[in-house]
Number of protein chains: 2
Amino acid sequence: MTIKDIALCCGVSVSTVSRVLNNHPNVSEAAREKVLCAIREHHFVPNGSARDLVKLESDAVGLVLRGIANSFFAELIPTMDQLILDAGYTPILHQIRSDMDELDAAAKLARAKRLKGLILLGGSNDYTQEQIAALDVPFVLCTYTNSFGNLTPEQYSSVTIDDRRTGCAAAKLLLERGHRRIAILLDSIRDRSVSELRWMGFREALEEAGVPFDPALLAETVSYDMAGAYSRTKKLLADGEAFTALFAVSDAMAIAAIRALHEAGRSVPEDCSVVSVDGIALTRYTIPSLTTFVQPQKEIVCTAVQTLIDLIEGRGPNRQIVLNAVPRFGQSVRQL
Amino acid sequence: MTIKDIALCCGVSVSTVSRVLNNHPNVSEAAREKVLCAIREHHFVPNGSARDLVKLESDAVGLVLRGIANSFFAELIPTMDQLILDAGYTPILHQIRSDMDELDAAAKLARAKRLKGLILLGGSNDYTQEQIAALDVPFVLCTYTNSFGNLTPEQYSSVTIDDRRTGCAAAKLLLERGHRRIAILLDSIRDRSVSELRWMGFREALEEAGVPFDPALLAETVSYDMAGAYSRTKKLLADGEAFTALFAVSDAMAIAAIRALHEAGRSVPEDCSVVSVDGIALTRYTIPSLTTFVQPQKEIVCTAVQTLIDLIEGRGPNRQIVLNAVPRFGQSVRQL
DNA sequence: TTGTATATTGGAAACGTTTCCAATTTATAT
DNA sequence: ATATAAATTGGAAACGTTTCCAATATACAA
């Protein structure tokens, strides 16, 4: 079924059918009626490829995500998808294997599908000028890691939370309550990750307060999951390290750590205070409920989409937006 | 940049460039080298629309999801996306607003993008014969609700878990341990939902065991989230209902319920046993850890994708696959 | 009635590819 | 050198739309 078939069976020209499909005003009521009827009857839907081809542009926006390791991003996707749809664009989700160059893949995608714009989830901003130039559509880096900062603020847009500052705030929260020996539980810091940034902030806060940090209290997990956090905490306890508080870089890790503490006969917050980051809904209901720095998920998504749309539609220049995680107090922290 | 430009700047014909792009054997080494070089230099990527148009088919598979209410599906998406990619197809995620007809939208999508196949997430099988006919590509219903069953087994493929049976098994687990007054906590059962199916199974098991069910122990929440489960459990306790066990239709609800019980001075499992469904990773680490019926998420996703690929590639007929949730024992249940 | 303005229509080119077929070049055998 | 086969190449049609432009039909005024 093509536009031609519809034209034929209605006794009108191809142009007329096209005009009906596109709501052009110059079509007589009689013709429109006939054509619409035939379209309904034959379940005709115009071929998107042909359309895009002749229009020289699509209304598509790419959502590029590397790997599926991080479930934080996975959770954002449906919401982002919906927001893009609401803005009148067509979202195209594109996952990239973790062993590939995401910017390269994004550039290919943008060209192949003539995308209007791109949202890059969880990349970094140490891309080369060349790579950015190759990517010739508006784009927004969303919760990227600001590692080398090869780019000037004019060259890119981004929405992120300030992980360093969050780590700093978490440490301060515990320091203010009299804690001095604080363990930190994080996943691999090798790759300039979120973990590393939070860890940096944490260290800074300690230094600023003049509190020395015992390297034995740095608990880095091998596997990025709860099992890893659980066993690493067990090890920390087995090693006989003394600490009155623990900062976990995610709620999930905190929950696993609390179980390890519990099994070692140490209850939270009586024997050990716990602070984490994420603010997943569950943390209000665990026993004890968690004191956690809530990531403004919804705000991140909305801001990223809005920023991209603004860029696409020519409103405003590139801008970097930094959002903050705010603490929500639960029962997992006590004053010493 | 088009194939024509590349041809021009290499001094070869359009056909030759196309052959290089498609790895046709009939290209001299010299020509291939020249063309590849030009492609690299100009960052040329062939236009997907033009390609699809002339090929009369794409390698795309649609992933249709209605609404984003259910986070269970949201979690499946990235995995499914990856699996489809691995199978050599291009996944296209398409969310449909909850006030629209998902089958209609799916049919449109299939035609517009010449899809190879469709996976419909969380629909039902009470579609009309006509709708199914309109949808002229292979499709798989994934975790749909088998409500009216308008279709014969030859007409559709599906992958689902047996919710009725799960409810039944949960009740049996508690009955076997001596519990007789069992509360059930579920979200709205109005819409032939998963909740209703589990509730039906639960009731059947009680009947079969000759245990009467006290309607006061049926706790239906208004809002589908933890806040709703928490306050509903509070109400159940405030009403002074006596029960020695509680069956929650999701882990999240169970955790919220346990907190409500805890705040009322009733500990789990000493004063009340709790069983739930889902098997999210967290349930191993909460205190107490949960006894829960684990949904075979990964298996559902793999099976759905594999079934679709088989259909597309002409291997095997339509089939309905029913998977079972299996119990994982935690500390939340005790023998009376 | 005729002329003019307006509404409607159809024809045809264009979008960027792929692929068939015929033409050309190159290699091989005689 | 010539004939033949094989490898390589270019030309052109086709895919299904949109849109410009010219042509036709219709309405209205003089």
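The figures that follow rest on heavy atoms only: side chains count, while hydrogens, waters and symmetry mates do not. Note on naming: letters A, B, ... go to the chains in the order of the sequence lines (proteins, then strands), and numbering restarts at 1 for each one. Predicted model, so just to flag it, every value in this text is computed and none were measured.
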Could you check whether [X] gets within reach of a base, just the sugar-phosphate, or nothing at all, counting any heavy atom under 4.0 Å?
X	result
S15(A)	base
D52(A)	nothing
V14(B)	base
S18(A)	base
L56(A)	sugar-phosphate

If I take atom [atom1] in residue [X] and atom [atom2] in nucleotide [N], what distance separates them, rounded to the nearest angstrom?
X	N	atom1	atom2	result
M1(B)	dG16(C)	CE	P	12 Å
H24(B)	dT18(C)	NE2	C1'	8 Å
L21(B)	dT18(C)	CG	C1'	10 Å
L8(A)	dG16(D)	CG	C1'	15 Å
K4(B)	dA14(C)	NZ	P	9 Å

Scanning both residues in full, the closest heavy-atom pair of N318(A) with S157(A) reads OD1-OG, 2.7 Å
Correct closest heavy-atom pair for V137(A) and L115(A) would be CG1-O, 3.2 Å
Distance below 4.0 Å between [X] side-chain N/O and [N] OP1 or OP2:
X	N	value
N47(A)	dC15(D)	no
R114(B)	dG16(D)	yes
N26(A)	dT9(C)	no
S49(B)	dG16(C)	no
T2(B)	dG16(C)	no
R51(A)	dT18(D)	yes

dist K55(B):NZ -> R114(B):CZ (nearest 0.5 Å) comes out at 13.5 Å
d(I77(B) CD1, Q82(B) CD) to nearest 0.5 Å is 14.0 Å
Of all the choices, [options], which nucleotide is nearest to the side chain of [X] once you look at every atom?
X	options	answer
S28(A)	dT8(C), dA14(D), dG10(C)	dT8(C)
A31(B)	dT18(D), dC15(D), dT9(D)	dT9(D)
K55(A)	dT19(D), dT18(C), dG16(D)	dT19(D)
R19(A)	dG10(C), dT17(D), dT17(C)	dG10(C)

Closest to the 5' end of DNA chain D, once A50(B) and V27(B) are matched to their nearest nucleotides, is V27(B)
Exactly one candidate in D104(B), L109(B), L118(B) meets side chain to side chain contact (heavy atoms under 4.5 Å, CB included) with L135(B); the answer is L118(B)
From the list D52(A), N47(A), L53(A), side chain to side chain contact (heavy atoms under 4.5 Å, CB included) partner of S49(A) resolves to N47(A)
